[in-house]
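These figures come from a predicted structure and were not determined experimentally.
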Amino acid sequence: MQKQIIRRDLSTFLSVFKCLGVKGGIQQAPVGLERMRKAGFVLNGYSYNGLIHLLIQSCFYKEAMEVYRRMVSEGVTPSLKTYSALMVASGKRRDIDTVMNLLKEMEALGLRPNIYTFTICIRVLGKAGKISQAYDILKRMDDEGCGPDVVTYTVLIDALCAAGKLNDAKDLFLKMKSTKHKPDRVTYITLLDKFSDCGDLRTIRELWTEMEADGYAADVVCYTILIDALCKAQDVDEAFLTLDVMRQNGIGPNLHTYNTLISGLLSMDRLTEAEDLLESMEINGAVPNAYTYVLLIDYHGKSGDSGKALETFERMKARGVVPNIVACNASLYSLAQAGRLGEAEAVFEGLKNSGLVPDSITYNMMMKCYTKVGRVDDAVGLLYSMMDSGCQPDVITINSLIDTLYKAGRADEAWKMFQKIKDMKLTPTIVTYNTLLAGLGKEGRVREAIEFFESMVGHGFPLNTVTYNTLLDCLCKNSEVDLALTILYDMGKLNCRPDVMTYNTLIYGLIKESRVGEAFWIFYQMKKFIYPDRVTLCTLLPGVVKDGRIEDAVKLTKDFAHQVTFRLNKSFWEDLIDGILAVAEVEAATSYAERLVSEQVCRCDSLFIPLIRTLCRDKKPLSAHSLFVRITKTYGIHPTVKAYNSLIEGLLDSEFAGMAWALYEEMKSSGCALDIFTYNLFIVWLGKSGEINRLYELYDEMHCRGVMPNNITRNIFISSFVRSGEIDRGLDLYYDLISGGFSPTPCTYGPLLDGLLKIGDMEKAEELFEEMKEYSCKPNAAIYNILINGYGKAGDLETARELFRKMVKEGIHPDLKSYTVLVDSFLMAGEVDAALEYFKEVKMSGIDLDLVTYNLMINGLGRARRVVEAVALFDEMRGGGICPDLYTYNSLILNLGIVGMLDEAGKVYEELQQAGLEPNVSTYNALIRGFSLSGNSDRAYAVYRRMMIGGCSPNGGTFAQLPN
C-alpha cells in the first residue's frame, strides 16, 4: 500500500475525517487514522509530523502521543522537530518520564539530539528540581561534542536559582563567561531577577556592572528588578532615587515599576505615599490595572480595615478597571476577616454576574465569612455549591470545614467531613490530622486522641512537632502530664525535635498540677537545647510565686532579663504580673514585683499597673493608693499616665473622689501629660454627680492643654445632660455635633432615646430612631432594648413586640436583656401568659438565664396567684445552679401567704435562713401579712416580736399589716 502525502493543514485533515464519518474535529485524529487506513490511506512522515504539530497546537497532547506511537509502529521516523515539540508539550505538563523516554526513543531510531533537544531536557528537569540529572545532560552535551549555547546555560541558571542554589548559579555563570558563549541580556535579567527575590543587593550591583561592561545597557526591566530588590530590603527611598536615575537616562517606568513601588511603600506602612503614587500614575502614562488595586485591597484587608478594602474595590470598578478573580478574592479576604457577610455576599454574587468563575480561594473566603458569623450550615452548603459549579475543593477547603465544625461543637460532622476526603480522592495532609487531633483534645477525649495518634504512627504518617504539641496540649489540659512526659522522650527516638512550644506545654501541665519542682527541671532541660521565650516565663513564674518561692522567681526572672536578645517591653511585664495574679494572691505578686524593682531588674511602673487594677477591682482602692505611693516615693518609679488612670478609675468607682482629684492635680504639677482617658474618667464622674458647670470647666481645660475630645467624650456629655434631666440640652449638643461633621454611634443615641421615652415623648424618640439610618448608624441590640423597654413600660405592648420582631428580622440577635425587658413589660401589664412565652423562648434560644429574669417571672406568677408554677420555677432555678437572693425568697413568702399556703411560706423562710441570708423588713412584712389574712393574729404578732428582737426596724407597711 503506497504511503500518501496529505497537506499539513487543519482543513485538509478535517475534510478527510468528515468524508470518513469521523466526528469531533482534530481531537479524533487517532480514530480518523484508523478509518483512513481501512480506506487505503497510509500517511508518510511529512503528513504524520504535520498532524502531530496540529494536535499539539490545539492542546490535544494525549492524542498527539497516540499518533506518534502509531507513526513509529508503522516504521515511520518522526523528525527531530516533532520530537522537540512533543518534549516541550510534555515538559509543560511536568511529565518528566515522557520527556526522557522520548529522548531515548529518538536515539534508538538513529536520530542524534541537538542543542535544542538537550536544552528542553535540562529545562524540564530543572523545573522539576532534578538539578543533578540536569547537570548530567549538560555533561553529556560536552562529552558528545554538542556544546551548550547561551540558552542552555541560561535555562540551567534559572533552574538553579529556582531551587535556591544561588551560589551554584553564580559558578555556572562564571563558567559560561569563560567559554565562547557570553551571557546575553536574558541571562543577566534571569540572574538579576532571582537575586532580587532574596534581597541580595551586593550581587545585583556586581551583575549590573558586568552587564554594562558586556555592552548591555539597563532597560526598564532591569531597573524595575533593582527597584524591587531595594523595596524588599526596606530601602524604598533609595528605590525612588533609582526611579529618578532611570528617568534621567531616558527610560520611562512601566506599570510593573509603579506596582513594585506601591508594594514597597505598603510593606513599610507608607499608605499615603502609595495612594499619591497611584493617583500620579496615569499622568505619567501608566494606567493602573487590577493588580495595582489588589495591592491596596490586600493591604487594607490585612490591616483589619475591611471598609477601606471594599472602598478601594469599588473605586477600581468606578475607574473602569475590570476586577479579576484575584481582586475579588482580596476583597473577600478583608470582609471575611471582619465578618461582614452582607458585603461579602454582594461581592461574591457580583463576580459571578460579571462572568468571572470563582476558584477554590473564593469559596474558601466565603466559607470563612459564614463561619465568622456562626452560619456553619451555610459554610458547609457552599462546599456542595462549589462542587456543583465544577470547582473541585482542595484539601485546604476540607481542613477549614473540619476545623469550623469542631469549633462549633459538631464533632460528628467534622469526622464525616474527614471521611469525604477519601470520597473526593484527596489526600489528607498533616494539617488534617492535626486539626482532628486538636478537636479530640478540646473535647477532653484523651483515650481517642491517643488512639488516633497511634494510628498515625502505625500508618507511617510523617508526624511533625505540631502533631506532638497538639497531643501534649490535650494530655496536659486533661491531667495526663505523666503520659505527656513519656511522649516527650519518644519524640527524640523518632527524630522529631521538641520546640519551645513543646516545653511550654509541659511546663503548663506541671504548674497546673502544682508540680513546681518538676516544672523547674523541665525548664532547665529546655535551656540545654532551646532558649525560653516570654511564654515560658509567663507560664512558669505564676506557679512559682503561688508556691511562695519568691527568691527562685526573682532569680529566674533576673537570668532571663540579662540573657534575652530582645528588649523586655512594658507589655511583657504587664502580661507576666497578670498571669501571676490569675493564680496567686495579690500579696505574693506584690512582694515579687517589689523585689524586681529593688534589685533593678525592672524600673518601670508596668509591673504595678496590674496590681493597682486588681486591688481596685477587688474594691480595695486605698490599698492600691498605698502601693502607688510606695512605688513612686520609696522606689523612685516615675508613674505613667496609664498607672495614674488605673488608680483614678478605682478611686472614682469607690467614691473616693477627693483622692482622685488630688492625683489629677499631682499629674499636672509633675508634668505627666493627661490623656483623653484621664479626662473622660472625670467627665463621667461629674456627669453622674450632676455637676454640669464643673464638667464644662474641665472640658475647657482639656482644650487648653491640647487634648482633643473623642467620640466617647462627646457621648459622655450627651449622657450626662440626659442623666441630670436636661434632655433638651443633650439634644442641642447632639445637633451641634452633627452639624460639625460628628459621626454618631449607638452610644450617642442610646441615652437620648432612653431619656425621651422616660418623659413619654414617643414621637420624638421614633423620629430620632429613624434619623440613625440617615447618619449610617446601624442600631444594635442595646438600642432595640431601650426602645422595647420604653414602649413596654408605657403600656404599648404591641409596639414593643413589633420592635422585637424587627430586631430579629434585621439579623440582630436578641440578648438576655431583650427578653428580660419584654417579660417585665408584659408582667407589668398583667399578661402573664405572654411573659411566660418569652421566658420559654429565651430558654430555647440557648441564652443562659440569670437571677433577675427568674425573679421577675417567679414574682409575676406569684402575683397572678399561680404560686405552684412560681415554686416550680424556683426549684428549676436552683437546679440550674442559680442561687436565690433575698428578693426571690421574699416574693415567694409574700405570694404563698396571700393564697393561704402558710406552711409552705414558713418552709421558704427557714430555707432563707439556712442559705445564710438575713431577713429584712420586707421578709417580716410578708409573713405578718400572710398570718393576718388567715386570721391568725397570734402568729402575726409573734413574727413582729421576732423582728424587733432581731434588731430589724418596722416600717409603715409593718403596722398596716398587723391585725387591729
Side-chain angles (χ1 to χ4, degrees), residues 1-125 127-128 137 140-141 143-149 151-152 155:
M1 189 178 290
Q2 187 177 354
K3 294 181 179 177
Q4 306 291 318
I5 297 176
I6 294 180
R7 285 182 60 192
R8 304 196 317 181
D9 61 69
L10 186 62
S11 59
T12 302
F13 277 108
L14 292 177
S15 298
V16 172
F17 290 170
K18 187 177 180 181
C19 291
L20 295 171
V22 178
K23 296 178 182 179
I26 196 69
Q27 187 177 6
Q28 296 302 314
V31 177
L33 288 176
E34 182 59 26
R35 296 266 181 96
M36 288 171 72
R37 187 189 65 78
K38 289 178 180 177
F41 287 94
V42 179
L43 301 189
N44 64 6
Y46 175 82
S47 300
Y48 262 122
N49 287 331
L51 179 56
I52 289 169
H53 282 279
L54 285 172
L55 287 165
I56 291 170
Q57 286 167 10
S58 302
C59 299
F60 297 131
Y61 306 123
K62 177 172 163 287
E63 289 76 9
M65 285 300 296
E66 286 183 41
V67 172
Y68 160 74
R69 299 287 176 214
R70 184 183 189 96
M71 178 183 186
V72 172
S73 70
E74 290 179 2
V76 181
T77 303
S79 68
L80 203 57
K81 186 179 177 183
T82 298
Y83 272 108
S84 296
L86 286 167
M87 290 166 82
V88 168
S90 299
K92 285 179 181 177
R93 292 179 292 128
R94 305 290 174 93
D95 189 350
I96 303 166
D97 291 340
T98 298
V99 172
M100 301 313 293
N101 285 334
L102 285 167
L103 180 65
K104 290 176 185 174
E105 287 171 19
M106 68 185 286
E107 290 178 294
L109 291 173
L111 292 173
R112 187 181 175 193
N114 59 14
I115 293 175
Y116 182 56
T117 318
F118 281 126
T119 302
I120 292 168
C121 292
I122 290 171
R123 187 190 302 277
V124 172
L125 290 166
K127 284 189 175 179
I137 296 288
R140 183 179 164 190
M141 289 176 77
D143 293 345
E144 294 184 10
C146 180
D149 62 7
V151 176
T152 314
V155 165

Flag side-chain contact, heavy atom, 4.5 Å: [X] against [Y]:
X	Y	result
Leu55	Tyr68	no
Leu102	Glu105	yes
Ile115	Pro148	no
Met87	Thr117	yes
Val124	Met100	no

Could you tell me which non-hydrogen atom of [X] sits nearest to which non-hydrogen atom of [Y], and how far apart they are?
X	Y	answer
Ser58	Ile26	OG-CG2, 4.1 Å
Met106	Pro113	CE-CA, 3.9 Å
Ser79	Asn49	N-OD1, 3.4 Å
Val99	Cys121	CG1-SG, 4.1 Å
Pro78	Met71	CA-CE, 3.3 Å
Thr98	Asp95	OG1-OD2, 2.6 Å

Report task. Kindly state each residue pair satisfying side-chain hydrogen bond (donor to acceptor under 3.5 Å, both in side chains) with at least one member in residues 25-35, sequence neighbours excluded. Result ->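 Counting only pairs at least two positions apart or across chains, the side-chain hydrogen bond (donor to acceptor under 3.5 Å, both in side chains) contacts touching residues 25-35 are Gln27-Glu63, Glu34-Arg37, Glu34-Arg70.
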Once rounded to the nearest 0.5 Å, what's the spacing between atom [atom1] of [X] and atom [atom2] of [Y]?
X	Y	atom1	atom2	answer
Leu86	His53	CG	NE2	7.5 Å
Phe118	Leu103	CZ	CG	6.0 Å
Tyr61	Lys92	OH	NZ	5.0 Å
Ser90	Ile56	OG	CD1	8.0 Å
Ile120	Ile137	CD1	CD1	11.5 Å

Query - Pair Asn44, Ser47: side-chain N/O donor-acceptor within cut-off below 3.5 Å - result: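 Short answer, yes.
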Query raised in the report: Please walk me through it: do Asn114 and Tyr83 pass side chain to side chain contact (heavy atoms under 4.5 Å, CB included)?
Result: CA-CA 11 Å; Asn114 59 14; Tyr83 272 108; over 6 Å; no
